[in-house]
Participant: 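Below you will find the structure I want to go over with you.
A note on names: the letters A, B, ... follow the listed sequences, proteins ahead of strands, and every chain is numbered from 1. Note that the structure is predicted; figures quoted are calculated from it, not measured.
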Number of protein chains: 2
Amino acid sequence: MSEPKPPGSDRKRSVTSYDVARLAGVSQSAVSRCYKPGASVSQKTRAKVERAAKALGYQPNALARSLITSRSNSVAVIISNLTNLYYPEVLAQLSQNFSQRGIRVLLFALESESEVDSALSQIWQYQVDGVVCAAKLTKDQITEFSDRAIPLLFYNRQAGSHAASAVCCDQADGSHVLCEGLLRAGHTSFALLKGPADSVVGTEREDSARAALERAGIETITELKGDFSYEGARDAIRRFMESDASLPDAIICVNDVSAIGAMDTLRNEFGVAIPEQVSVVGFDGVGPSGWSSFDLTTIRQPVRRMTRAAVDMILERVETPELANEKRVFSGIFMRGNSARIDMAD
Amino acid sequence: MSEPKPPGSDRKRSVTSYDVARLAGVSQSAVSRCYKPGASVSQKTRAKVERAAKALGYQPNALARSLITSRSNSVAVIISNLTNLYYPEVLAQLSQNFSQRGIRVLLFALESESEVDSALSQIWQYQVDGVVCAAKLTKDQITEFSDRAIPLLFYNRQAGSHAASAVCCDQADGSHVLCEGLLRAGHTSFALLKGPADSVVGTEREDSARAALERAGIETITELKGDFSYEGARDAIRRFMESDASLPDAIICVNDVSAIGAMDTLRNEFGVAIPEQVSVVGFDGVGPSGWSSFDLTTIRQPVRRMTRAAVDMILERVETPELANEKRVFSGIFMRGNSARIDMAD
DNA sequence: TTGAAAGCGGTACCAG
DNA sequence: CTGGTACCGCTTTCAA
């Protein structure tokens, strides 16, 4: 620290703790301490520093701080398809919860799961403290997290053999509840409007529904291929209606948007009455499922509790890296709408 | 740099350029150069470094880099209400465009506009290169951006007297087009389902609609208070229908979600036929506006072009800070649905 | 082309 | 409680 500070070399540098120190007439260390939560600074010093800081508009440089503390106070959130209508709420809640706890959110909104690699590469470089992931990762990718000792939490994805923590909605239970209700109401023929084959969430819901129906002795279940989207559902229903198959009593849809697409198409293109001729059920409890045109019978995911849990769990593991992974499963909430004839147990 | 490196002090440090240098048998500077685009490194050196880096799983620390270059390669995106159904697409597009250009996105999803201050404070500390803002800022807040020389771009908000750049959809023009079409089709009595009073986007649309109607000699326009949401629209319609006013020929809604709420309520609660008894128009062109239950007549915002422009403009200004602010206005696209009787000029 | 050394803006440990 | 000083991991002159 010689004195290469002859005024006149006014580069566009932003104001640093040294500037504040000089103006306040204290050491740079003193300034630093004023911004550290549990530090011991006298009232007088603190006051001088605060005045100087305000005068200069000083804000500590988070990057420099992170460099030395090796804590960036930021987490990455990876979401595979934001346009899914279910994720915006998740993201909003995550973002707000993290914000309240002073954590910045780096968003990676993937258009396709193939972009995962580039996202991860950015994540490694950026020294995030943890990652919340609502996309599928390969085993190797998951391993890299533990190698780098970065806490990873899956949101509604399987934590493949507990290599990471996870927060999930109980997909199987939700589907089960719906199927039981439909069976109890006397439905005997069923169709299953599925999601993309590579979606774990989707297949869990589908498998559970299939299992519940088969247990009840239902043997033929028409399977329709969808992709979580309105259009996918519409096309699937069109294909089905143009075949000569007869209408099932109920259609179990992999998610709400599919269910809405199915309802709309059945009603508006084929004049099918819902729920009189066909019962339709969904899954998720997204906003539009409550719109009066649909009034969908569905399972609502407790998004707020799930996101809060996700934030708690990941931050706990940032604080205490040796903490074991944990999986928390939340039951969905049955929403009785008017899109299905259904009898609940109680 | 003495040698305090007797093996055994294995702290959980991550692998640095020094580690790579040692393994590759070159200087740390050489390693650094290999990661700088236009640097001069011999083939041989580069090869050695690359092998070592791969072996160690080295990734440069972006924070350290940013500290010295004073470029974080990250931008902040501020969005006031992500649950708006219009914003998720915007956010997804912004995120993808930035990602492709190697820029990280820090997300600030505000629940209420009062959280702006805390978001800004985080933004200052984080040394972002630029900010895209879809929320209202005060004059002082805008000024702080120019004081700190951080490029700011508003998305669909007025850039108050050109203190910042902006990308907007032409709200006034869109409303105008819709009103003209409705007038041409012979509608003579109108209701305006408004947004929150403090929304600039909303009032622009409303003012333009009002002006177009008044120019055509329409004098009484029923104004209904909404808040951009389905529920707000539903409640407004209920209040209206429970008054003894007679149905207008057309309802001009401030956005699609309001329009959907209005349609649903009119149809399903009051048995009003749309568009036979009432025409309904919206604004935005969100996904659900195309669902067959609604098939909304609306103005679609060219989101992809707008977000691309936003990304281009902000990054241009990061590269070239002296660039003047700019405002780019995009015309919306008329979407002829079946929710309104409407005649277009051509 | 290469390596040495001086920082970027903080934090943390140290003696006083 | 305070100031001095060694770093965090990288980029960037500057000589060699």
Participant: Can you measure A:Gln127 atom CD to C:dG10 atom P for me and round it to whole angstrom units?
Facilitator: 19 Å
Participant: Please determine whether a side-chain nitrogen or oxygen atom of A:Ser27 lies at a distance below 4.0 Å from atom OP1 or OP2 of D:dG4.
Facilitator: no
Participant: Regarding B:Glu144 and B:Arg148, does a basic nitrogen lie under 4.0 Å from an acidic carboxylate oxygen?
Facilitator: yes
Participant: Tell me if the CZ atom of B:Arg71 is crowded by more than 12 foreign heavy atoms within 6.0 Å.
Facilitator: yes
Participant: May I ask you to list the residues of residues 42-56 of chain A, by number, that have any heavy atom positioned under 4.0 Å from an atom of DNA chain D?
Facilitator: A:Ser42, A:Thr45
Participant: Rounding to 10 degrees, work out the angle separating the end axes of the helix from C:dT1-D:dA16 to C:dG16-D:dC1 (five pairs an end).
Facilitator: 40°
Participant: Let me see the working for B:Asp129 and B:Arg104 under salt bridge (charged side-chain N to carboxylate O under 4.0 Å, His left out), right down to the final yes or no.
Facilitator: CA-CA 10 Å; B:Asp129 295 334; B:Arg104 258 105 19 183; over 6 Å; no
Participant: Run the salt bridge (Lys or Arg N to Asp or Glu O under 4.0 Å) test against A:Arg305 and tell me which residues pass, sequence neighbours left out.
Facilitator: none
Participant: Within the 4.0 Å limit for protein heavy atoms, which parts of nucleotides 10-16 of chain D are touched? Write it as a string from 5' to 3', B for base, S for sugar-phosphate only, - for none.
Facilitator: BBB----
Participant: Side chains of B:Gln141 and B:Asp117: any donor to acceptor distance under 3.5 Å?
Facilitator: yes
Participant: Any idea how A:Phe145 and A:Trp124 line up, ring-wise: parallel (<30°), tilted (30 to 60°), or perpendicular (>60°)?
Facilitator: perpendicular
Participant: B:Thr320: which residues meet the side-chain contact (heavy atoms from CB on, under 4.5 Å) condition with it, sequence neighbours left out?
Facilitator: B:Glu322, B:Leu323
Participant: Would you kindly give the CG-to-C1' distance between A:Asp19 and C:dG10, to the nearest whole Å?
Facilitator: 13 Å
Participant: In whole Å, what is the span from the CD atom of B:Gln125 to the C1' atom of C:dC8?
Facilitator: 17 Å
Participant: Could you go through the side-chain hydrogen bond (donor to acceptor under 3.5 Å, both in side chains) check for B:Ser42 and B:Thr45 one step at a time?
Facilitator: CA-CA 5 Å; B:Ser42 69; B:Thr45 305; 2.8 Å; yes
Participant: Of all residues at least two apart in sequence or in a different chain, which pass the ring-ring contact (aromatic ring centres under 6.0 Å, His included) check with B:Tyr58?
Facilitator: B:Tyr35
Participant: Is a side-chain donor-acceptor pair under 3.5 Å present for B:Arg317 with B:Ser165?
Facilitator: yes
Participant: Rounded to the nearest angstrom, tell me the gap between atom CG in B:Leu67 and atom C1' in C:dG7.
Facilitator: 9 Å
Participant: Would you please say whether a donor-acceptor pair under 3.5 Å links the side chains of A:Ser17 and A:Gln28?
Facilitator: yes
